[in-house]
Number of protein chains: 2
Amino acid sequence: MANKATSIDIAYRAGVSQSTVSRALRDSPLVSEETKERIKAIARELNYKVDKNASNLRTQNSHTLALLLCEDPTNDDSLINPFFLSMLGSITRATAKQGYDLLISFQQLSSDWHADYEDSNKADGIILLGYGDFVDYEHKLERLLSQNTHFVIWGAEHNKSSVASVACDNQQGGLIATEHLISLGRREFAFLGDASSHSPEFRDRYLGHVRALKNAGLAVDKRRQVDAISTENAGFEAANMLIRKGAHFDAIFAASDLIAVGAIRALKEAGLRVPEDVAVVGYDDIPVASFANPPLTTIKQNTQLAGEMLVESLLKLIRGEKVPPKLIPTSLVVRKSCGIDL
Amino acid sequence: MANKATSIDIAYRAGVSQSTVSRALRDSPLVSEETKERIKAIARELNYKVDKNASNLRTQNSHTLALLLCEDPTNDDSLINPFFLSMLGSITRATAKQGYDLLISFQQLSSDWHADYEDSNKADGIILLGYGDFVDYEHKLERLLSQNTHFVIWGAEHNKSSVASVACDNQQGGLIATEHLISLGRREFAFLGDASSHSPEFRDRYLGHVRALKNAGLAVDKRRQVDAISTENAGFEAANMLIRKGAHFDAIFAASDLIAVGAIRALKEAGLRVPEDVAVVGYDDIPVASFANPPLTTIKQNTQLAGEMLVESLLKLIRGEKVPPKLIPTSLVVRKSCGIDL
DNA sequence: CTGAAAGCGCTTACAG
DNA sequence: CTGAAAGCGCTTACAG
């Protein structure tokens with residue numbers, strides 16, 4: 001590889017000082033238009049690009065954000081939660097739009113976080129996506145907080161108000177999903193998904209679900225809530241358990257689409273028809289949802305907006321501004337699994 | 001944020017020179033064990049991390065790779081080709097395993113590439129994923145080549161042997177998919193997907209498909225090949241066109257799973273049963289494939305291996321080694337859409 | 001508007 | 001085994 005051109009090379013050719021080159025390329029008003037043009041032309045000709053390591057070292061910021069994607073321990077090695085992938089797309093776009101680069105890292109949940117991007121000046125801040133067990137997660141957040149790292153988390157509002165967060169309104173999602181089923185005449189509900197504080201997002205969906213039931217004067221039967229992590233298999237097992245217990249239900253609200261798809265499989269195998277016997281609603285609107293059989297009614301999170309807000313909040317934090325937690329409303333996507341005639 | 005500790009701070013506390021600190025932290029054999037321990041302990045205590053900008057500037061390499069994901073212009077804005085996402089996962093992992101960071105960027109195909117990661121010393125090399133139109137793509141590759149950028153491409157073998165590439169064996173994939181259908185008694189084949197030089201991967205799948213037909217002494221009917229880009233809609237349209245033309249066929253080999261899923265929808269709407277009347281095989285094994293109705297028989301690419309090889313090839317290139325193009329064998333995933341009784 | 005100079009925080013020859 | 005010093009390529013006060 002030919003030696004890269006430096007600002008000194010350009011200065012030499014342009015017959016100016018290196019400082020002037022640096023100013024010209026950064027469009028400083030201190031340089032005359034004429035000189036600027038000459039310098040820029042030479043820079044283009046030499047295919048010159050400012051050395052980021054040098055400029056970052058000098059200015060002490062990296063113009064780079066880091067995205068830490070924590071994988072669910074439950075997914076197989078090569079599979080990423082499809083919902084996160086959708087977020088990844090919007091985060092990448094939002095980061096680029098702001099003129100930042102994005103460093104990405106997948107972390108095993110088990111392992112200790114390698115979250116020293118900011119300490120090593122590789123990134124100005126960190127976006128955290130996914131956590132596995134929320135209780136463990138909080139300890140890690142504590143450490144980031146104590147190290148004054150700039151970071152913003154996706155998913156659940158943290159009880160420490162000092163943690164910046166962006167989340168979709170999971171309670172509202174659970175509410176509208178359940179209200180929809182109620183409006184279609186369903187009365188006996190099952191909820192599939194962990195409803196404990198270990199999974200605050202699922203728990204909030206559950207809380208919204210319960211609120212809708214209460215608003216409608218319907219019974220909340222704890223025996224029809226079955227824990228499940230977000231996999232097709234867990235959904236299958238959870239629905240099977242309900243069926244084996246002989247539980248009565250005419251609707252299932254699943255805390256995620258994968259759970260819903262697994263549940264549908266279990267229902268079918270048990271000879272139950274979806275949606276005639278049991279209506280099913282999922283959560284996330286992953287691509288699989290529209291191809292499920294029947295196509296899955298689900299709650300869609302606005303990942304586009306979410307990505308933008310995560311990036312925006314993080315940049316504000318870096319600039320030293322305050323950022324209140326953000327809550328994004330969700331929307332209902334009606335397909336056939338809820339029993340409506342499309 | 002408290003001022004970050006530097007190697008000088010540590011030197012001061014340890015009562016040694018800054019050079020010794022630097023050596024100790026890099027585990028240089030020139031430093032006594034005892035001194036090393038002392039220095040490392042202080043570094044931990046101060047939460048010290050080597051400043052990457054400074055060290056990269058000094059050593060003139062970034063220990064970072066860049067991933068350029070070029071989106072298909074055909075996908076809607078927030079949706080990424082699910083196959084690429086699976087690659088992304090394995091590339092991220094492989095990069096981390098080698099101790100490198102990964103910078104990621106989504107490029108619009110229309111826009112001019114912003115591929116100056118290496119020129120600005122932000123990355124030591126680039127992995128290119130996706131391209132849209134291959135003919136346009138090649139011009140861009142020319143430029144990278146002329147700038148002596150280190151890069152490796154995924155997908156098709158480039159006719160310039162100087163371009164490092166990793167690809168799955170698309171011809172072999174097309175061959176085994178078609179052979180499988182033939183072994184199940186299918187005789188009249190349609191192929192859905194662009195078979196021109198604008199989509200070399202699809203074309204190779206088509207070539208393998210044709211080879212299998214010829215090997216079996218079956219007719220190759222050009223009228224049963226319909227161009228389609230890799231979307232569900234394009235597959236739907238392509239299959240509809242075949243049906244409207246009154247083409248006879250008892251099997252469809254689709255160049256991608258999305259095309260296959262769209263084709264199945266068209267077949268069903270036309271009152272054709274899958275697989276009884278028409279068997280369908282796709283390509284990629286995206287998550288949707290197993291949830292399609294009927295579940296889709298498809299060709300699986302080993303994304304895990306592919307990601308590792310891309311990273312490995314790129315690192316070799318950076319080290320100045322030669323890298324021959326790599327071809328990874330594919331495998332058949334049999335589900336119900338091909339007509340086998342599972 | 002321009003230049004000379006300092007300095008960001010490291011790594012690494014050079015000298016001991 | 002250790003230290004003093006140079007230098008990676010920028011940005012930006014300071015002086016003119």
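Proteins come first, then strands; the chains are lettered A, B, ... in the order of their sequence lines, and each starts at number 1. Predicted, not measured: the structure shown is a model, and the values here were computed from it.
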Original post:
If each of B:Val31 and B:Thr59 is mapped to the nucleotide of DNA chain D with the nearest heavy atom, which maps nearer the 5' terminus, i.e. the 5' end?
Top reply: B:Val31

Subject >> Any B:Gln60 side-chain nitrogen or oxygen under 4.0 Å from OP1 or OP2 of D:dG9 >> reply: yes

Original post:
Distance-only, no hydrogens or angles: does the B:Ser146 side chain make a donor-acceptor pair with backbone N or O of B:Arg143 under 3.5 Å?
Top reply: yes

Subject >> Whole-Å distance separating the CG atom of B:Asn53 from the P atom of C:dT11 >> reply: 12 Å

Subject >> Nucleotide nearest B:Thr6 (side chain, heavy atoms from C-beta), chosen from C:dT12, D:dG9, C:dC10 >> reply: C:dC10

**OP:** Provide, to the nearest angstrom, the distance between the CG atom belonging to B:Asn56 and the C1' atom belonging to D:dC10.
**Re:** 14 Å

Nucleotides 13-16 of chain D: which of its N/O atoms have a protein N/O under 3.5 Å away?
| unit_1 | atom_1 | unit_2 | atom_2 | d |
| --- | --- | --- | --- | --- |
| D:dA13 | N6 | A:Arg23 | NH2 | 2.6 |

Original post:
OP1 or OP2 of D:dT11 less than 4.0 angstrom from a side-chain nitrogen or oxygen of A:Arg26, does that happen here?
Top reply: yes

**OP:** Choose from C:dT12, D:dC10, C:dT2 the nucleotide whose nearest atom is closest to any side-chain atom of A:Leu30.
**Re:** C:dT2

Subject >> Validation row: B:Gln60, A:Asp51 side chains within 4.5 angstrom (heavy atoms) >> reply: yes

Subject >> Distance, rounded to the nearest Å, where B:Gln18 contributes CD and D:dG7 contributes C1' >> reply: 13 Å

Original post:
To the nearest Å, how far apart are A:Asp9 CG and D:dG9 P?
Top reply: 9 Å

Subject >> Out of C:dG9, C:dC10, C:dG3, whichever nucleotide has its closest atom nearest the side chain of A:Ser17 >> reply: C:dG3

Subject >> Protein-nucleotide distance (B:Arg58, atom CZ; C:dC10, atom P), rounded to Å >> reply: 13 Å

Subject >> Donor on one side chain, acceptor on other, B:Tyr117 and B:Ser105, under 3.5 Å >> reply: yes

Original post:
Considering only side-chain heavy atoms of B:Thr20, which listed nucleotide, D:dT2, C:dC10, D:dT12, is closest?
Top reply: D:dT2

Original post:
Can you tell which of C:dC10, D:dG3, D:dC10 lies closest to the side chain of B:Ser7?
Top reply: C:dC10

**OP:** To the nearest Å, give me how far apart NZ (B:Lys52) and P (C:dG9) are.
**Re:** 16 Å

Original post:
Taking atom P in both C:dG9 and C:dA13, what distance in whole Å separates the two?
Top reply: 23 Å

**OP:** Whole angstrom is fine here: how far is it from CG in A:Asp51 over to P in D:dG7?
**Re:** 18 Å

**OP:** Might you confirm whether atom CD of A:Glu34 has over 12 heavy atoms from other residues, nucleotides or ligands at distances under 6.0 Å?
**Re:** no

**OP:** Could you please name the partner base of D:dG16, counting Watson-Crick and G-U wobble pairs only when both distances are under 3.5 Å?
**Re:** C:dC1

**OP:** Sort out for me which residue in A:Asn121, A:Asp124, A:Asn56, A:Asn53 forms a side-chain hydrogen bond (donor to acceptor under 3.5 Å, both in side chains) with A:Ser62.
**Re:** A:Asp124

Original post:
Roughly how many Å is it from NE2 in B:His63 to P in C:dT11, rounded to a whole number?
Top reply: 11 Å

**OP:** Can you figure out which of D:dG9, C:dC8, D:dT12 approaches the side chain of A:Ala54 most closely?
**Re:** D:dG9

Original post:
Any idea which of C:dT12, D:dT2, D:dC10 is nearest the B:Thr35 side chain?
Top reply: D:dT2

Original post:
Under 4.0 Å between a Lys/Arg side-chain N and an Asp/Glu carboxylate O for B:Glu37 and B:Lys40?
Top reply: no

**OP:** Tell me yes or no: between the side chains of B:Ser90 and B:Gln304, is some donor less than 3.5 Å from an acceptor?
**Re:** no

**OP:** Might you confirm whether atom CZ of A:Arg13 has over 12 heavy atoms from other residues, nucleotides or ligands at distances under 6.0 Å?
**Re:** no

Original post:
Within the structure, does a side-chain N or O atom of A:Ser22 lie under 4.0 Å from either OP1 or OP2 of D:dT11?
Top reply: yes

